[in-house]
Novice: 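After the structure tokens below, expect a handful of questions from me.
Hydrogens, waters and symmetry mates are skipped; everything else that's a heavy atom, side chains included, is used.
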Amino acid sequence: MFTKSAYSEDLTANYNMLSKQLDALLTGETNAIANFSNASALLNQFFDQINWVGFYIIEDGELVLGPFQGLPACVRIPLSRGVCGAAASKQETIIVPDVHAYPGHIACDAASQSEIVVPIVKDGELVGVLDIDSPIKDRFTEQDAEGLEQFIQILVKHI
């Protein structure tokens, strides 16, 4: 059974706790969709000041909408488009402080102002991306990138 935790002011400690929660939540479950779903729900309760969190999964050379929390979203994203496509193609985390200043940004929710996208790579192969949007500019930091990359490493063990 999962219970919501109170997080501290120490962001590094919070990300460590988040990763431990994810590992405990997913241990013993082998269904990838269930695990992506619980991971998006966990992130949604962890973050404040976000309006969308979820996954895009690679399928036939493009990103396809996976489990998420938030408003309905774009279903398919070519690897050549947007922040998600760029992060997937480069296989590196991308932080966008102002999505309106990002060339080729795909606007699925007009309220989004900033974004972070973390690639999901397992055994050297791109699986998809984690995408998080915020309705405020400059929401995400390098510390968020590091914490989310740690989170993805735990997720990869369970998919």
Novice: Using a distance-only test with no angle check, is there a side-chain donor-acceptor pair under 3.5 angstrom linking Ser114 and Asp138?
Specialist: no
Novice: Given 3.5 Å as the limit, does a donor-acceptor pair link the side chain of Tyr56 with the main chain of Cys74, or not?
Specialist: yes
Novice: With clusters defined by side-chain heavy atoms of hydrophobic residues (ILVMFWY) lying less than 4.5 Å apart, directly or transitively, does Leu18 cluster with Ile116?
Specialist: yes
Novice: Applying side-chain contact (heavy atoms from CB on, under 4.5 Å) to Val83 and His105, what does each step give before you reach the verdict?
Specialist: CA-CA 6 Å; Val83 183; His105 175 258; 4.1 Å; yes
Novice: Just by modelled atom types, is the Thr12 backbone N or O under 3.5 Å from a matching donor or acceptor in the Asp10 side chain?
Specialist: yes
Novice: Could you state the interatomic distance from CD (Glu29) to CD1 (Ile159), rounded to the nearest 0.5 Å?
Specialist: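 The distance works out to 13.0 Å.
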Novice: Pairing donors with acceptors under 3.5 angstrom, does anything connect the side chains of Ser19 and Gln150?
Specialist: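 Yes - a donor-acceptor pair under 3.5 Å links their side chains.
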Novice: Okay, side chain of Ser40, backbone of Gln69: is any donor-acceptor separation there less than 3.5 Å?
Specialist: no
Novice: Would you say the side chains of Glu149 and Thr93 form a donor-acceptor pair under 3.5 Å?
Specialist: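 Judged by distance alone, the side chains do pair up.
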Novice: Can you establish whether the number of heavy atoms outside Ile33 located under 6.0 Å from its atom CD1 is more than 12?
Specialist: no
Novice: side-chain hydrogen bond (donor to acceptor under 3.5 Å, both in side chains) with His158: which of Asp23, Asn38, Asn35?
Specialist: Asp23
Novice: If we only count heavy atoms from C-beta on, is the Val127 to Phe55 side-chain gap below 4.5 Å?
Specialist: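 Contact flag for Val127/Phe55 side chains = no.
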Novice: Tell me, with the steps shown, if Phe140 and Ile50 meet side-chain contact (heavy atoms from CB on, under 4.5 Å).
Specialist: CA-CA 10 Å; Phe140 303 104; Ile50 66 166; 4.2 Å; yes
Novice: Please check if Ile77 and Val64 belong to a single hydrophobic cluster, counting links between Ile, Leu, Val, Met, Phe, Trp and Tyr side chain heavy atoms closer than 4.5 Å.
Specialist: no
Novice: Among Asp133, Asp98, Asp48, exactly one meets salt bridge (charged side-chain N to carboxylate O under 4.0 Å, His left out) together with Arg139. Which residue is that?
Specialist: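 That would be Asp48.
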Novice: Do Phe46 and Tyr15 make the cut of ring centroids closer than 6.0 angstrom?
Specialist: yes
Novice: Does NZ in Lys122 sit with more than 12 non-hydrogen atoms of other residues, nucleotides or ligands closer than 6.0 Å?
Specialist: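 Enclosed: over 12 neighbouring heavy atoms sit under 6.0 Å from NZ of Lys122.
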Novice: Does any part of the side chain of Asn51, heavy atoms only, come nearer than 4.5 Å to the side chain of Leu71, both counted from C-beta?
Specialist: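 When only atoms from C-beta onward are counted, Asn51 and Leu71 do not touch, as no gap falls below 4.5 Å.
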Novice: Taking the side chain as C-beta and beyond, is there a heavy-atom pair between Leu22 and Leu155 under 4.5 Å?
Specialist: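 Yes, side chains in contact.
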Novice: Are any of the side-chain heavy atoms of Ile132 and Asp144 separated by less than 4.5 Å?
Specialist: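 Not touching, per the 4.5 Å side-chain cut-off.
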Novice: For the residue pair Leu63 and Arg76, establish whether any side-chain heavy-atom pair is separated by less than 4.5 Å.
Specialist: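 Leu63 does not reach Arg76 side chain to side chain.
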Novice: Between Val129 and Val118, does the side-chain contact (heavy atoms from CB on, under 4.5 Å) criterion hold? Intermediate values first, please.
Specialist: CA-CA 5 Å; Val129 297; Val118 182; over 6 Å; no
Novice: Between the main-chain N or O of Gln143 and the side-chain N or O of Glu146, is there a donor-acceptor pair closer than 3.5 Å?
Specialist: no
Novice: Measuring only between side-chain heavy atoms, which start at C-beta, is Trp52 closer than 4.5 Å to Asn44?
Specialist: no
